[in-house]
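What follows is a single structure, written as structure tokens, with notes after it.
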Amino acid sequence: MISPIISNLGILVFLPLLIALVRTPFCRANYARQGFVFALSAILVCSLWRYIALYWAFGLSAVFALIYLIKERPTFRMNALAAVSLAYVGWWFVLLIWSAAKGRGLGMSMEMLPLCVMCLYSCFFRLTEEEKQKIIRPFLQSAGIFVMVGLIAVVYNCIHFGILPWEWPFLQKSTINDLLVYQVVFCFLGGYTGYTHPSYNLLPLFLALCLMLPSLRKNGSSAAATAAAYAYAYAPSRGAKRNTIALMFGLLHAGTLLLALFSQSRIGLIFSLFLIPCAILFFTWHKPAARWAVISIVVLSCIAAGILIRPQIQSFKSDSVRTLMHELCWQYVQKKPWLGSGVGALNPVEMSQTIGISYWPNIGTIPEDATVKNWPYRTKMLPHNQFIADWAQTGIIGFVLSIMLYLTMAVSILPIKAPFRTSENASSHSIALTIFFFLFVVLSFLEYPLFIPKGLYLFGILGVLQSRQEV
């Protein structure tokens with residue numbers, strides 16, 4: 001569709017990471033720990049781009065972590081999150097014993113290993129506020145570049161196809177044929193060699209927005225807030241910085257919302273709208289009356305929306321592909337409820353539909369090279385639900401372990417009063433992570449994020465960001 005040079009414009013997201021690399025003091029005695037912190041930041045930045053970069057960033061973090069363990073020999077403190085993640089991933093490997101597809105199952109199990117490794121990081125590394133700032137700052141800057149490049153892709157394609165932006169097909173889901181729209185929107189970000197589903201491409205942006213929320217509080221501070229101040233605000237006064245960050249949050253949020261619309265992401269649209277009252281709550285946190293007014297309006301709006309869009313919610317059941325996947329997986333659950341079918345043993349579903357360009361009613365004449373004429377759609381038979389997919393493959397034991405994995409993550413990041421969470425900074429940081437984790441849980445009921453690298457790595461890095469030093 002466009003030249004390879006232009007299609008790789010998304011590599012610009014690495015510019016903040018390169019600047020951070022130059023500033024990283026590897027010459028110090030604790031160079032391994034500094035390298036580990038840089039690698040964690042690289043994982044966040046790479047989650048915005050291609051999978052191959054994400055794998056390399058994780059490998060870099062593992063190398064620095066191993067060097068740090070050998071040289072420093074830090075105290076190991078096993079926590080519930082690490083223990084459950086080990087049990088969850090270990091059960092995947094146990095299931096290979098009776099899996100009918102051992103080759104594919106082994107590949108899927110190996111892809112889950114980074115989850116328990118990243119959760120184990122929190123047993124050795126207890127991040128300081130300064131280290132969290134170094135991790136988050138390049139990521140926030142790269143998120144802004146991601147949105148900018150994504151919108152440039154939309155503008156370019158509007159010119160290329162000769163259409164106006166408001167003629168773009170918004171949220172016209174057609175199950176299979178909408179994949180080309182993902183390519184068009186995210187092609188500048190390396191979409192042709194990565195996973196182009198918008199729900200996962202937008203997920204890192206929602207993490208960036210959640211991490212910026214504490215900086216909207218008056219007199220509020222946290223590692224993320226300080227990182228946001230360094231990333232976007234250069235005003236001398238605290239109030240000016242807060243206003244500047246609020247403006248940047250609004251621009252980043254507006255860009256994310258537009259990308260959700262242009263890429264036909266219903267989940268992205270819902271998450272974007274959900275973050276609006278969250279931002280208002282943080283901005284008016286020092287005013288109890290305004291805070292309760294916002295909460296009341298949000299509750300009433302949710303009730304009204306539930307009543308008004310009830311027909312649309314019911315029509316969601318007409319999605320034939322989702323319904324087929326759920327029915328087939330429930331058949332596997334009923335046949336083998338205790339041990340499941342085995343990892344990788346769910347037979348793929350072959351869809352006879354092909355990707356075409358004719359379903360775009362408002363675009364008009366399309367160049368011949370704009371799409372591949374025949375693109376058969378093949379998908380693993382996994383339902384759009386993380387927990388049902390776990391049950392179908394790993395049985396009741398895997399299902400329980402997946403529930404426990406989410407529960408232990410929730411307990412580890414919730415802003416509960418505890419010896420490690422007595423400071424206001426830690427509370428603000430935990431609230432930001434909790435909001436993103438809530439979005440991740442909702443996504444888990446609508447998709448299967450732990451089976452997709454971007455979702456898996458973002459879940460794992462939550463386990464690292466929640467770690468903190470004793471105070």
Side-chain angles (χ1 to χ4, degrees), residues 47 51 54 80-81 84-85 87-89 91-92 108-109 111-116 118-119 173 195 197-210 260 265-275 278 313 316-317 319 321-323 325-330 332-333 340 343 346 379-414 432-466:
S47 68
Y51 284 179
L54 195 58
L81 178 62
V84 174
S85 66
Y88 176 73
V89 177
W91 179 243
W92 278 57
M108 295 177 64
S109 300
E111 290 179 357
M112 297 296 292
L113 281 176
L115 174 64
C116 58
M118 296 179 72
C119 290
K173 303 299 287 186
Y195 195 70
H197 196 292
S199 298
Y200 299 107
N201 280 334
L202 296 174
L203 192 60
L205 295 182
F206 293 122
L207 176 58
L209 289 170
C210 290
S265 174
R266 295 169 291 185
I267 296 174
L269 177 63
I270 294 172
F271 287 0
S272 298
L273 296 177
F274 171 78
L275 288 177
C278 292
I313 295 177
F316 181 78
K317 298 178 181 179
D319 190 329
V321 174
R322 287 176 181 260
T323 303
M325 291 180 180
H326 278 82
E327 289 178 353
L328 292 175
C329 280
W330 272 117
Y332 274 86
V333 169
V343 178
L346 294 177
T379 179
K380 295 178 181 178
M381 193 187 64
L382 293 175
H384 286 61
N385 186 298
Q386 178 68 47
F387 307 107
I388 297 178
D390 273 320
W391 196 348
Q393 289 193 110
T394 62
I396 190 66
I397 297 178
F399 172 73
V400 171
L401 287 174
S402 66
I403 297 293
M404 291 178 61
L405 182 66
Y406 277 72
L407 289 178
T408 51
M409 178 65 79
V411 172
S412 66
I413 65 177
L414 284 174
L433 295 181
T434 301
I435 293 175
F436 175 76
F437 180 69
F438 171 76
L439 298 180
F440 196 95
V441 172
V442 174
L443 180 65
S444 299
F445 282 100
L446 303 174
E447 297 286 347
Y448 36 88
L450 292 185
F451 299 158
I452 304 297
K454 286 191 177 183
L456 179 73
Y457 281 85
L458 288 179
F459 185 91
I461 208 165
L462 284 181
V464 185
L465 291 177
Q466 60 83 24

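Leu202 and Gly268 make their closest contact through CD1-CA, 4.1 Å (heavy atoms, listed as atom of the first residue, atom of the second, distance). Contact between Cys119 and Leu81 at its shortest, heavy atoms only, is SG-CG, 3.9 Å. Here the shortest heavy-atom pairing between Ser199 and Leu443 reads CB-CD1, 4.3 Å. Of all heavy-atom pairs between Val464 and Met118, the closest is CG2-O, 3.3 Å.
Residues satisfying the ring-ring contact (aromatic ring centres under 6.0 Å, His included) criterion with Tyr406, sequence neighbours excluded, are Phe387, Phe459. Take Tyr88 and apply the side chain to side chain donor-acceptor pair (under 3.5 Å) test, not counting sequence neighbours, and it matches Asp390. Scanning for side chain to side chain contact (heavy atoms under 4.5 Å, CB included) contacts around Val333 gives Trp330, Trp391, Ala392, with sequence neighbours left out. Looking at residues two or more places apart in sequence or on another chain, you find a side chain to side chain contact (heavy atoms under 4.5 Å, CB included) between Ile435 and Cys210, Leu213, Phe274, Leu275, Cys278, Phe282, Ile431. Applying the side chain to side chain contact (heavy atoms under 4.5 Å, CB included) rule to Pro204 yields the partners Ser47, Leu48, Phe139, Leu458; only residues at least two apart in sequence or on another chain are considered. Qualifying ring-ring contact (aromatic ring centres under 6.0 Å, His included) partners for Phe436, counting only residues two or more places apart in sequence or in other chains: none. For Ser109, the side chain to side chain contact (heavy atoms under 4.5 Å, CB included) criterion is met by Trp92, Phe93, Leu96, Val343, not counting sequence neighbours.
With rounding to the nearest 0.5 Å, the separation of CG in Leu401 from CG in Leu407 is 11.5 Å. For the atom pair CH2 of Trp91 and CD1 of Ile397, the computed distance is 3.5 Å after rounding to the nearest 0.5 Å. Going from atom OG of Ser444 over to atom CG of Leu439 covers 10.5 Å, rounded to the nearest 0.5 Å. The distance from atom NZ of Lys454 to atom CG of Leu203, rounded to the nearest 0.5 Å, is 9.0 Å. Note that CE of Met409 and OG1 of Thr434 are 11.0 Å apart. Values are rounded to the nearest 0.5 Å. The distance from atom CD of Gln386 to atom CZ of Phe445, rounded to the nearest 0.5 Å, is 10.5 Å.
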